[in-house]
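Everything numeric here is computed off the predicted structure, so don't read it as measured data.
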Amino acid sequence: MTAELFDDLSRYRAQGMKWKAIYLMYPYYLSHKGLGSSYSRYVSRQDTSQRNDVEAVQWIKAERQWIKDIIWEHCHSINTKKLVVMVQREFPDKPLKNIKNMCSQLLAFAKRLTFCLSDMAKLKQLVGKHGEDWARIDSELGRFPGRAQFNWIKHGHIEYSEQWTDSELQKLRYCMDKGMDGTEASRYIGARLPRQYALGKNNEYKYEKWTSDGDRRLLLMSDTFKRSGGIDWDTISEALCRSVSSCRIRHQALQSIKEATALSEPQPSKPDNVTREVQQQQKQQLSPGEVDWARVSSATGLSELECLELSQFDEGKAGWKYDMDAFSWDMANRMSGFIESNYPKPLPANFRAVSNFMWIRIEDCIQMHGLLHRKFRWTGARIAQAKSLREQGLSFENIAKRLSPLVNRQSVRYTIVKSPNNLRSPPISEQAKQQITDLVDKYVDKYPVDQVRRMVREELQLNCSSSRQWLGGKFYHHPVYKARIASADIVEITNRITQGKVALKEVAAQLDVPANILRNAIGVRESDMHSSRWTLEEIEKLTAYVSSVSSGRFDWKCASNFVGTKSPIQCKKKRLYTPKACKI
């Protein structure tokens with residue numbers, strides 16, 4: 001872009017020509033968009049000193065206030081162009097670009113101004129008096145057109161109050177931990193305005209009176225977050241939802257009195273008293289583990305949680321090892337609920353208290369908690385165990401259940417197949433191939449499809465993966481099954497399955513063919529049988545199912561049956577991909 005070309009383009013643009021017409025006179029540019037962008041970049045490089053002078057212009061507080069008064073005086077008819085004309089007439093010495101920037105900022109801020117509790121109360125009175133005459137309500141409230149209707153639709157159906165309940169304070173802490181903004185937090189809490197959320201962070205919760213539980217958490221966290229340079233007060237402030245100065249002053253007060261020592265480091269006599277009381281109860285009762293912690297608390301003068309943390313009596317405690325057949329989510333959910341209610345993050349869990357509450361050995365509690373809540377790591381011993389079980393003929397799903405309740409069969413399969421130390425099974429011999437082929441041909445017409453593979457495995461004792469793969473190839477591509485599918489009416493079967501009248505496995509059982517062959521023949525997957533769009537009724541059904549599961553893992557097949565028109569994968573994705581703040 002040269003100065004001469006720039007002058008020519010400026011003249012053409014002043015005459016009202018478009019870039020497409022100008023581009024025909026300068027075809028050596030790549031496109032009309034490239035010509036326009038080059039012109040814009042050349043303009044941006046000109047008069048840099050003048051632009052710096054414009055940006056250096058400062059607005060004093062009185063001038064900004066004058067613009068705000070003009071905005072609210074003409075709020076029902078004002079726009080950016082009109083405001084710029086008024087301000088330019090009042091301040092002729094200010095650059096036009098700076099005036100436009102200031103007017104845009106102040107006008108946008110005034111339009112986004114939120115309603116407080118008093119505004120909502122006045123809005124409800126005006127709606128009851130004038131109905132839905134929003135123009136009149138906006139005029140009486142002194143707000144921009146449409147703001148009253150917007151806040152009434154969004155917040156008018158909820159009864160707001162100034163006092164925060166315990167459940168709301170708990171939700172407030174969760175919102176602060178997740179870093180939600182005012183709108184998301186207001187939607188999650190349910191009975192708070194976005195402006196109340198900001199006030200709640202600064203006033204309601206940070207200046208709440210300190211309780212004994214808050215003191216205990218403060219002392220524990222001050223020991224946990226000690227650094228070489230001192231205590232990490234920022235992390236403690238965010239976790240307790242209090243100001244840094246409030247946490248520091250309270251910590252100094254607790255350290256200067258005798259109660260601080262009793263809270264942070266219990267006296268040696270207290271554990272002995274608690275242990276003695278628990279031991280007496282165990283001698284009086286026939287069944288072990290039935291400890292009345294309320295009675296222990298009243299006898300020792302401590303809280304129940306402190307008694308659980310101080311008791312050192314371990315006789316008669318049961319073990320807890322992971323077993324696929326005996327494992328139950330009830331005990332796991334009970335342990336998780338106790339930890340979440342008494343040791344919320346980032347507080348570390350006291351497994352002495354967990355052991356006494358569950359009446360299970362402390363080392364077993366630690367091991368099961370790590371198995372249930374930490375990411376499953378494939379160590380050398382676990383890989384060797386999985387391979388050994390696979391060589392014994394177990395399926396990937398069965399191996400996953402034997403290793404951990406959280407690991408899935410895809411992880412097991414990938415680890416066994418892709419492991420660098422994986423030893424491939426020896427290739428199958430021609431004699432074994434012929435035996436498998438003969439047995440499949442012999443049984444395929446005599447027995448149902450779900451028994452053929454099992455009978456061939458049992459008769460030939462197929463344990464290596466290569467022989468099982470060869471059996472699967474012969475089984476799934478057998479001409480008898482292909483002939484049965486070719487003789488069936490595929491169009492009618494496809495319509496019945498897609499309409500939800502019958503399941504694909506039921507049709508496969510009626511035709512006596514493997515379900516995989518039928519699925520490939522009709523080209524229908526389970527996710528294709530249902531619409532990808534969610535209706536309000538389907539979302540309400542899924543919400544009801546999710547709400548009914550208080551803790552533990554979700555059974556997505558059960559959720560699919562409950563909704564009726566969505567697959568398990570669709571139900572799982574609908575919940576996972578919904579934003580956390582407004583989760584269904």
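Of all heavy-atom pairs between Thr80 and Ser104, the closest is CG2-OG, 3.8 Å. The minimum heavy-atom distance linking Leu218 with His251 is given by the pair CD2-N, 3.8 Å. In terms of heavy atoms, Cys307 sits closest to Leu302 at SG-CB, 4.1 Å. Of all the heavy atoms in Cys558 and Tyr545, the pair that sits closest is SG-CE1, 3.8 Å.
Ring-plane geometry between Phe91 and Trp66 is classed as perpendicular, the angle between the planes exceeding 60 degrees on a 0 to 90 degree scale with a lower cut at 30.
For the pair Ile362 and Ile366, the minimum side-chain heavy-atom distance is below 4.5 Å. The side-chain heavy atoms of Asp364 and Phe351, taken from C-beta on, include no pair separated by under 4.5 Å. Here the side chains of Ile399 and Arg390 are in contact, with some heavy-atom distance below 4.5 Å. With contacts defined as side-chain heavy-atom distances shorter than 4.5 Å, the pair Glu538/Leu542 does not qualify. No side-chain heavy atom of Ser311 sits under 4.5 Å from any side-chain heavy atom of Glu277. Residues Leu305 and Phe357 fail the side-chain proximity criterion, which asks for heavy atoms closer than 4.5 Å. Val274 is not listed as a side-chain neighbour of Phe313, based on a closest heavy-atom distance of 4.5 Å or more.
Qualifying side-chain contact (heavy atoms from CB on, under 4.5 Å) partners for Gln125, counting only residues two or more places apart in sequence or in other chains: none. Legend: residues meeting ring-ring contact (aromatic ring centres under 6.0 Å, His included) with Phe396, ordered by chain and number and at least two apart, are absent. Residues satisfying the side-chain contact (heavy atoms from CB on, under 4.5 Å) test with Ser411, not counting sequence neighbours, are Trp378, Val407, Asn408, Thr415. Not counting sequence neighbours, the partners of Asp314 by the salt bridge (charged side-chain N to carboxylate O under 4.0 Å, His left out) test are Lys317, Arg352. Take Glu309 and apply the side-chain hydrogen bond (donor to acceptor under 3.5 Å, both in side chains) test, not counting sequence neighbours, and it matches Tyr343. Remark: Glu63 engages Lys94 in a salt bridge (charged side-chain N to carboxylate O under 4.0 Å, His left out) (not counting sequence neighbours). Partners of Glu304 by side-chain contact (heavy atoms from CB on, under 4.5 Å), not counting sequence neighbours, listed by chain and number: Trp293, Ala294, Ser297. Every residue two or more places apart in sequence or in another chain that forms a side-chain contact (heavy atoms from CB on, under 4.5 Å) with Ser388 is listed here: Gln392. Ser303 pairs by the side-chain hydrogen bond (donor to acceptor under 3.5 Å, both in side chains) definition with Glu306, not counting sequence neighbours. Every residue meeting the salt bridge (charged side-chain N to carboxylate O under 4.0 Å, His left out) condition with Glu363, not counting sequence neighbours, appears here in chain and number order: Arg361. With sequence neighbours left out, Arg402 forms a salt bridge (charged side-chain N to carboxylate O under 4.0 Å, His left out) with no residue at all.
Within the structure, salt bridge (Lys or Arg N to Asp or Glu O under 4.0 Å) contacts touching residues 331-340 (residues at least two apart or in different chains) do not occur.
Counting only N and O atoms by type, the side chains of Asp69 and Gln65 include a donor and acceptor under 3.5 Å apart.
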